[in-house]
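All values derive from a computational prediction rather than experimental measurement. Index from 1, following the sequence.
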Amino acid sequence: MQDASSQESQSASDSTAGGASASAEQAAAASAEGGPTPGAGAADIGLPFADPIGNGEAPAWLPTQLETPWEFLAAYPPVLALVVALVGVGLALLGRSFVLFWGHKLTSRIRGDLDERLLRMGANVAALIVSYLAIVLAIQVLQLGDTAEKILIRIALTLLVLRLMTSALKAGHLGLEILGRLRERFAIVEERTLPLFDLIMTVLVIGAGAYALLLVWNIDPTAWLASAGVIGIAVGFAARDTLANLFAGFFIIADAPYKLGDYVVLDTGERGEITKVGIRSTRILTRDDVEITVPNSMMANSQIYNESGGKWERFRIRIKVGVAYGSDVDEVCELLENIAFEHDTVCQDPKPRVRMRGFGDSSLDFELLCWVAQPAQRGLVSHELYMAIYKGLNQAGIEIPFPQRDVWMRGGAETEESG
């Protein structure tokens with residue numbers, strides 16, 4: 001009997017060991033094939049609730065007062081999941097309203113809406129994270145199995161990452177706007193450099209979000225980065241002109257040879273107002289109300305005359321006037337200066353001045369120098385000054401000469417006698 005009993009005990013021990021060995025082999029095989037390991041839950045992908053949930057027992061972090069309702073509803077997993085989701089989302093919305101209400105009370109005395117926008121953005125992000133945790137908990141309560149549970153949670157985490165990317169872009173743009181208003185401390189962030197910093201911030205946020213999404217779905221980013229490097233080289237050769245315009249746009253924004261509203265003259269002769277400085281091109285509105293789009297690579301490599309540059313935005317007008325020899329030059333200078341002083345658009349600082357430039361073939365050459373507030377006024381003011389000068393010279397009896405030529409016919413008398 002003892003031998004039989006010992007044989008049975010030995011047989012049971014062998015079967016137990018064999019079963020354990022078989023279980024270990026199955027687990028190793030499942031892990032090698034990339035499938036779910038038996039008994040593995042949310043912990044292998046770093047989920048917020050790694051403890052087993054949905055086995056009828058309340059989780060350890062749940063308050064004692066809620067353990068009895070939890071165990072009661074655990075018999076109906078769909079109902080418990082719905083209650084968990086609704087309670088979590090409700091708490092998120094309630095907390096968001098509480099934060100916005102008291103935050104608005106605290107920031108109501110601050111001018112502007114930047115503080116309110118920043119507060120609302122932070123409250124939305126916090127409510128979004130709480131809602132995500134509630135949805136993950138509800139998914140775990142349903143007991144759908146390891147594979148289905150992981151897929152659903154990863155989908156929820158993907159949506160959360162995408163939403164956080166959008167919020168990060170808005171927050172970054174709002175931060176740049178705040179820094180742009182503090183120009184005495186952050187002079188580098190201003191209207192002309194906002195597109196550059198905005199683009200850099202967008203690239204960084206999208207890159208970080210893409211990397212997070214790869215980690216969520218357990219995708220090795222190394223191979224993707226290597227492929228992106230090869231693709232980047234190919235794209236660089238195929239889009240050389242586009243990249244040249246892109247880098248030229250960066251340099252133009254950083255160096256700022258011109259800004260929005262400046263009047264510039266290109267070396268090709270086009271003249272107009274800068275209406276947009278983009279990453280790829282610059283737009284110029286001519287005086288004919290025709291918009292010209294110039295690639296940034298051409299703008300960076302050409303000579304540009306900025307009529308709005310310098311110490312101020314004023315533009316000097318040169319009016320050339322010729323009077324007949326024998327005219328009173330002092331009277332001419334006084335007349336031209338008075339005409340410029342009496343004009344409403346001509347600036348009085350610097351004062352208009354008259355200079356005699358030389359002795360022409362048939363006239364004494366003078367030049368009236370005066371300033372206008374905007375380069376765009378050059379044409380209209382020049383027209384009005386020319387009209388006033390012509391009328392003033394006529395009233396003063398000062399002659400405006402014009403070229404005359406005497407033609408002598410050689411041998412004219414001989415031709416008449418022979419005829």
Heavy-atom pair with the smallest gap, counting every atom of [X] and [Y]:
X: Leu80; Y: Ala74; result: CD2-CA, 3.9 Å
X: Leu385; Y: Ala340; result: CD2-CA, 4.4 Å
X: Pro350; Y: Arg314; result: CD-NH1, 3.6 Å
X: Gln377; Y: Thr345; result: OE1-CG2, 3.3 Å
X: Glu291; Y: Thr275; result: OE2-OG1, 3.5 Å
X: Ile389; Y: Ile339; result: CA-CD1, 3.6 Å

Quick one: does [X]'s side chain have a donor or acceptor within less than 3.5 Å of a partner on [Y]'s backbone?
X: Ser327; Y: Ala324; result: yes
X: Thr166; Y: Leu162; result: yes
X: Arg154; Y: Val216; result: yes
X: Asp262; Y: Ile274; result: no
X: Thr293; Y: Arg283; result: no

Report task. Indicate yes or no: does Arg271 engage Glu307 in a salt bridge with an N to O separation below 4.0 Å. Result -> yes
Query - Cationic N near anionic O, under 4.0 Å, Glu367 to Lys320 - result: no
Query - Exercise: do Arg280 and Asn296 side chains pair donor with acceptor under 3.5 Å - result: no
Query raised in the report: Is it true that the side chains of Tyr258 and Ser308 contain a donor and an acceptor less than 3.5 Å apart?
Result: no
Note, [X] side chain near [Y] side chain (heavy atom, < 4.5 Å):
X: Glu270; Y: Val265; result: no
X: Ser363; Y: Val323; result: no
X: Trp70; Y: Val141; result: yes
X: Tyr263; Y: Leu285; result: no
X: Phe366; Y: Cys333; result: yes
X: Pro352; Y: Val346; result: yes

Got more than 12 heavy atoms from elsewhere within 6.0 Å of [atom1], [X]?
X: Glu334; atom1: CD; result: no
X: Trp217; atom1: CH2; result: yes
X: Tyr386; atom1: OH; result: yes
X: Asp361; atom1: CG; result: no
X: Met298; atom1: CE; result: no
X: Met387; atom1: CE; result: no
X: His343; atom1: NE2; result: yes
X: Tyr305; atom1: OH; result: no

Calculate, to the nearest 0.5 Å, the distance between atoms [atom1] and [atom2] belonging to [X] and [Y] respectively.
X: Ile292; Y: Leu266; atom1: CD1; atom2: CG; answer: 7.0 Å
X: Ser131; Y: Leu133; atom1: OG; atom2: CG; answer: 8.5 Å
X: Leu159; Y: Leu164; atom1: CG; atom2: CG; answer: 11.0 Å
X: Asp146; Y: Ile151; atom1: CG; atom2: CD1; answer: 11.0 Å
X: Arg96; Y: Leu128; atom1: CZ; atom2: CG; answer: 11.0 Å
X: Leu369; Y: Ile317; atom1: CG; atom2: CD1; answer: 10.5 Å

Query raised in the report: Given Val332 and Asp328, is the side-chain contact (heavy atoms from CB on, under 4.5 Å) satisfied, shown in steps?
Result: CA-CA 6 Å; Val332 172; Asp328 189 346; 5.8 Å; no
Report task. Any chance you could lay out the side-chain contact (heavy atoms from CB on, under 4.5 Å) test for Asp365 and Phe359, step after step, and finish with the verdict? Result -> CA-CA 6 Å; Asp365 297 333; Phe359 302 97; over 6 Å; no
Query - Worked check of side-chain contact (heavy atoms from CB on, under 4.5 Å) between Leu364 and Val329 - result: CA-CA 9 Å; Leu364 299 174; Val329 293; 3.9 Å; yes
Compile the donor-acceptor pairs under 3.5 Å between side chains in residues 240-250 and protein atoms, sequence neighbours left out, one pair per line.
from, atom 1, to, atom 2, distance (Å)
Asn245, OD1, Ser297, N, 3.2
Asn245, OD1, Ser297, OG, 2.7
Asn245, ND2, Asp241, O, 3.2

Query - Test side-chain contact (heavy atoms from CB on, under 4.5 Å) applied to Phe341 and Lys351, step by step - result: CA-CA 8 Å; Phe341 274 117; Lys351 296 181 179 180; 4.2 Å; yes
